[in-house]
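Let me begin by presenting the structure, written as structure tokens, before commenting on it.
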Amino acid sequence: MTVTFPDGSVRSYERGITGLEIAESIAKSLAKAAVAIEVDGTEWDLSRPLHKDCTVNIIKRESEQGLALIRHDTAHVMAQAVQELFPGTQVTIGPVIENGFFYDFGRKEPFSTDDLVAIEKKMHDIIDRGETFEREVWNRDDAIQYFKDKGEMFKAEIIADLPPQEDVSVYKQGAWLDLCRGPHMPTTKHIGHAFKLTKVAGAYWRGDSDKAMLTRIYGTAWRDEKELEAYLHMVEEAEKRDHRKLGKEMDLFHFQEEAQGSVFWHPKGFTIYNQLENYIRRRIHARGYVEVKTPQLIDNKLWEKSGHWGKFRENMFVVPDVVPNTDEEGSIFKEEPTKFMAIKPMNCPAHVQIFNQGIKSYRDLPIRMAEMGCCHRNEAHGALHGLMRVRQMTQDDAHIFCREDQILEEVKAFVQLFYEVYKDFGFEDIHIRLATRPEIRAGEDAIWDKAEQAMAEALETLGLAFEYSPGEGAFYGPKYEFHLKDAIGRSWQMGTCQLDFVLPARLDSHYIGEDGNKHHPVMIHRAIFGTFERFIGVLIESFGGKLPMWLAPVQCVIASITGDANDYAQKIYDRMFAQGLRVALDIRNEKINYKVREHSLAKVPVMFVVGQREADDNKVAIRRLGGKDQDIKSLDEAIETFINACKAPY
RNA sequence: GCCGUUGUAGCUCAGGGGUAGAGCAACGCAUUCGUAAUGCGUGGGUCGGGAGUUCAAAUCUCUUCAACGGCACCA
């Protein structure tokens, strides 16, 4: 039998040779480093015999694949440790995830953080025992029966649901065994000790909120201690960039119980917000958008017609249109409400109302209707998360009403604009998903074909990589989702672009076509920032609070060294303030070290430090955030340079 | 919404049935200082809300609210 290697070399072996033996035949060191083997693209155990010609790649512990195996095996060892320590706990699944693994357990009493310490200790024991991973293929019914007899109902359910052609493989490690597709490393000793259990959490069985709640334990695992330490350090550093922490430290915004999920923007935070709003307004106006403002509170009749009442009701805040009871006693309302209004969760139906005023010609299209629309969504309590997931949000929303033949052009123009904007903020790691037709949908398949094709084509012609999310599109049309990651690696959807063939018809929108007949326009729902709240959250984390000068709430502090220079500092401040710069004056009776430290911690990008010397020569000492050197310039030059540095990118 | 954890001064946190603590911040006084913390002093709390156990609750129990970590959700 012939075996081909990644470098193209071919060797011949006896049938039945194992991966480990192949590795040994090449080099002892290779056999030592090997943890698994890839056979014709599938990962196998080293101990599994090969029976036919194949292409192989020996997986070393040091490789990325090796790391995934370490994590997978650590998850198994954790499951074993848990069952040794807590008999009666049921095992379920334990996959490898980014930076580590988790395992879900079925158990009446969830684990506590203290239990993690004991589990970790037991895991180290099991690894030191050096148990051999042994693969066995079982009869499906026997396997189901075996796990049922052990009371492992979840595992039995998994086996019953395996595709019929798939082998039911079971791995033994010492006295313990688990259903697993494999492969595993030769022994538990190969795992090493560079792992740590990080957190306990609840998770639904099969990700279904109607099913049982399991206990999930997360862990991280690495090839060696150094990697583990580096990872833990990285997490620690990332937590310092958390926008909730920085928001408090930098006095940007706060939240409180009485308005959960809604932001109290402080003057400094709202400065950032306003700069962004001004910026995006300049951007879209240049691209031919018009701006509107629509009502917050709208009668339910419109939401029923638009379909939101049917599809989005549980996320809406509904207000009864009844006079409240003024008596202290009794119910809130004088009478049972019969008429309801809802605070808008989206702007689209309102924009259609504006489109519907008067008669539109095909020549009027496209109409790009923008609104910095403030929306409220009744998000589940557990979903709320700082600025990233709020109940009151303002979108940089717009709806493009266009003809079918304009879709490609409009989508392309939007994606270009989107990228221009994100580049201005230094966001380059943008993950695009194209969500396609869901099972339950409106509109003809022919239209969907055209729409999905147009959206894919737009990205392709722009040379942008994307991933499909099959079946994840809106019921009314396909969409793009633009994702960015926060400080600790969580992915958030920012901008979006959605084609809609349904709403204009539901809300009776028409234009008169070239043929003289009425047609429904196509609507493109799109947002660049997504919401100001989430965008600012990601922005803060991405800059670690050190915002670019055009966004910084305070761009420059003018600080005096001693009281002698206070008048001069005041003069500089007045002059810069008059020029519209965001400056602060610090003439407190404090040492310059104290002032520098305080403003540095507040992440003010620039300080103009002035003492008697500067006052005498009409100069300033410029200190940039984090910089060691000071730069002495004449006042005029310093201000001119500063103004240029504060310019917005657009 | 579900599982778990946490709520003590403006902030960060200690304490854990018997008079409420620290550092920073604030305020006052002194100090006039050259690029990341000058010194001394003073004030500050219904220990998240409600109920219970107890002679006595910040501490124990129940309940409720919020935040945090996940899960589910995110047209």
Side-chain angles (χ1 to χ4, degrees), chain A residues 102 104 107 109-115 198-218 239 242 244-245 248-249 251 254-261 306-316 345-346 348 377-386 388-389 393 435 438 440 472-477 479 481 488 490 492-493 496 498 500 502-503 525 530 534 559-566 587-602 607-614 621-632:
Chain A
F102 68 74
D104 286 347
R107 188 159 187 259
E109 293 281 308
F111 298 107
S112 72
T113 321
D114 296 340
D115 295 330
T198 49
K199 53 197 173 195
V200 193
Y204 295 108
W205 169 234
R206 304 220 140 164
D208 184 341
S209 58
D210 291 332
K211 296 201 160 83
M213 174 60 65
L214 308 171
T215 299
R216 173 173 298 181
I217 301 179
Y218 283 93
E239 280 167 1
D242 189 310
R244 293 164 298 188
K245 195 173 151 68
K248 197 182 275 183
E249 283 171 11
D251 192 18
H254 86 269
F255 290 92
Q256 67 188 50
E257 283 190 30
E258 291 84 348
Q260 61 165 303
S306 70
H308 287 83
W309 189 246
K311 300 257 177 201
F312 205 66
R313 193 180 349 181
E314 63 171 8
N315 285 302
M316 287 165 66
M346 297 181 199
C348 24
R377 295 186 188 173
N378 199 346
E379 302 285 358
H381 291 73
L384 300 176
H385 183 98
M388 304 300 198
R389 191 83 181 265
M393 68 208 82
I440 300 165
E472 294 293 309
F475 74 96
Y476 50 68
K479 62 176 180 181
E481 292 179 359
I488 61 169
R490 287 182 284 220
W492 296 96
Q493 185 191 313
T496 184
Q498 317 181 359
D500 184 351
V502 174
L503 197 60
H525 307 238
R534 183 176 289 182
S560 58
I561 292 171
T562 61
D564 303 340
N566 284 357
I587 51 175
R588 290 175 301 172
N589 176 16
E590 293 291 352
K591 285 188 161 183
I592 193 62
N593 278 312
Y594 182 89
K595 296 184 185 180
V596 165
R597 179 182 149 82
E598 196 174 271
H599 301 304
S600 297
L601 288 174
M607 284 182 76
F608 283 180
V609 179
V610 293
Q612 193 56 55
R613 290 208 296 267
E614 285 75 17
I622 305 163
R623 188 186 205 284
R624 290 186 182 77
L625 180 57
K628 290 270 173 279
D629 306 324
Q630 42 177 322
D631 197 1
I632 309 221

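Everything numeric here is computed off the predicted structure, so don't read it as measured data. Letters go in sequence order (proteins before strands), and every chain restarts at 1.
In this structure, A/Lys245 places its NZ atom 14 Å from C1' of B/C68, rounding to the nearest Å. For the pair A/Ile488 CD1 and B/G69 C1', the interatomic distance rounds to 9 Å; values are reported in whole Å. In this structure, the CE atom of A/Met316 is 17 Å from the C1' atom of B/C73, given to the nearest Å. Whole-Å rounding puts the A/Arg313 CZ to B/C74 P distance at 16 Å. Nucleotide B/C73 holds its P atom 13 Å from the CD atom of A/Glu379, rounded to whole Å. Between the C1' atom of B/C24 and the CD atom of A/Glu590 lies a distance of 13 Å, rounded to the nearest Å. In this entry the distance linking CZ of A/Arg588 with P of B/A25 reads 10 Å, nearest Å. Between A/Leu384 atom CG and B/G70 atom P the separation is 14 Å, expressed in whole Å.
Contacts of A/His385 with the nucleic acid, taken as non-hydrogen atoms under 4.0 Å apart, involve only primed sugar atoms and P, OP1 or OP2. No contact: A/Gly627 has no heavy atom under 4.0 Å from any strand. Among the atoms of the strands shown, base atoms are found under 4.0 Å from some heavy atom of A/Arg623. Among the heavy atoms of the strands lying under 4.0 Å from A/Ile592 are primed sugar atoms or P, OP1, OP2 only; no base atom is included. Using a 4.0 Å heavy-atom cutoff across all strands shown, A/Glu598 reaches no nucleic acid atom at all. The residue A/Gln256 sits apart from the nucleic acid: no heavy atom pair falls under 4.0 Å. Residue-level contact check: A/Ala559 touches neither bases nor backbone, having no heavy atom under 4.0 Å from any strand.
The shortest distance between the side-chain N/O atoms of A/Tyr594 and the OP1/OP2 oxygens of B/U32 is not below 4.0 Å. Between B/G70 and A/Lys199, a contact under 4.0 Å exists linking OP1 or OP2 to a side-chain N or O. The phosphate of B/U35 has neither OP1 nor OP2 within less than 4.0 Å of any side-chain N or O from A/Asn593. For A/Gln260, a side-chain nitrogen or oxygen approaches OP1 or OP2 of B/A67 to under 4.0 Å. Put simply, A/Arg490 has a side-chain N or O that comes within less than 4.0 Å of OP1 or OP2 on B/G69. The phosphate of B/C68 has OP1 or OP2 within less than 4.0 Å of a side-chain N or O from A/Arg244.
Taking atom C1' on both nucleotides, B/C47 is separated from B/U42 by 23 Å, rounded to a whole Å. The C1' atoms of B/U8 and B/A20 are separated by 9 Å, rounded to the nearest whole Å. Comparing B/C71 with B/A58, their P atoms are spaced 38 Å from each other, to the whole Å. Taking atom C1' in both B/G7 and B/G15, the straight-line distance is 15 Å, to the nearest Å. Spacing of P atoms, B/C27 relative to B/C68, comes out at 31 Å, to the nearest Å. Only the P atoms considered, B/G49 is 25 Å distant from B/C55, to the nearest whole Å. B/C33 and B/U38 have their P atoms separated by 15 Å, with the value rounded to a whole Å. Spacing between B/G34 and B/G39 at atom P, rounded to whole Å, works out to 16 Å.
As the counterpart of B/G4, B/C68 is assigned, both hydrogen-bonding distances of the Watson-Crick or G-U wobble pattern falling under 3.5 Å. Judged by Watson-Crick or G-U wobble contacts below 3.5 Å, the nucleotide B/U46 has no partner. Pairing partner, B/G17: none, since no Watson-Crick or wobble contact has both distances short of 3.5 Å. Partner assigned to B/U53 is none, using Watson-Crick or G-U wobble distances below 3.5 angstrom. Remark: B/A25 base-pairs with no nucleotide in the shown strands. Criterion, Watson-Crick or G-U wobble with two distances under 3.5 Å. Here B/G34 sits opposite no nucleotide as a Watson-Crick or G-U wobble pair (both hydrogen-bonding atom distances under 3.5 Å).
Here the closest non-hydrogen pair linking A/Gln493 and A/Arg534 is O-NH1, 2.5 Å. Residue A/Leu503 comes nearest to A/Ser306 through the heavy atom pair CD1-O, 3.5 Å, listed as atom of the first residue, atom of the second, then distance. A/Ala559 and A/Met607 get closest at one heavy-atom pair: CB-CE, 3.7 Å. What you find for A/Pro345 and A/Phe312 is that their closest heavy atoms are CB-CE2, 3.5 Å.
Side-chain contact between A/Phe608 and A/Ile622 is present, with heavy atoms from C-beta onward closer than 4.5 Å. Contact of the A/Gln612 side chain with the A/Ile561 side chain is not registered, since no non-hydrogen atoms from C-beta on lie closer than 4.5 Å. The side-chain heavy atoms of A/Ile488 and A/Asp242, taken from C-beta on, include no pair separated by under 4.5 Å.
Closest to the side chain of A/Arg389, from the set B/U35, B/G34, B/C73, is B/C73.
The side-chain tip of A/Lys199 points at the ring of A/Tyr218 from less than 6.0 angstrom away and within 45° of straight on.
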Encode nucleotides 1-12 of chain B as B, S and - characters from 5' to 3', where the letter depends on protein heavy atoms closer than 4.0 Å: B to the base, S only to sugar-phosphate, - to neither.
BBBS------SS
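Side-chain atoms of A/Glu614 and base atoms of B/G34 include a donor and an acceptor less than 3.5 Å apart.
Between A/His525 and A/Tyr476, the ring planes are parallel. Angles under 30° get that label, and only those over 60° would be called perpendicular.
Map A/Arg377 and A/Val610 each onto its nearest nucleotide of RNA chain B; the residue landing nearer the 5' end is A/Val610.
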How far apart are the C-alpha atoms of A/Ser112 and A/Val200, what are their side-chain angles, what is the distance that settles it, and do they pass the side chain to side chain contact (heavy atoms under 4.5 Å, CB included) test?
CA-CA 7 Å; A/Ser112 72; A/Val200 193; over 6 Å; no
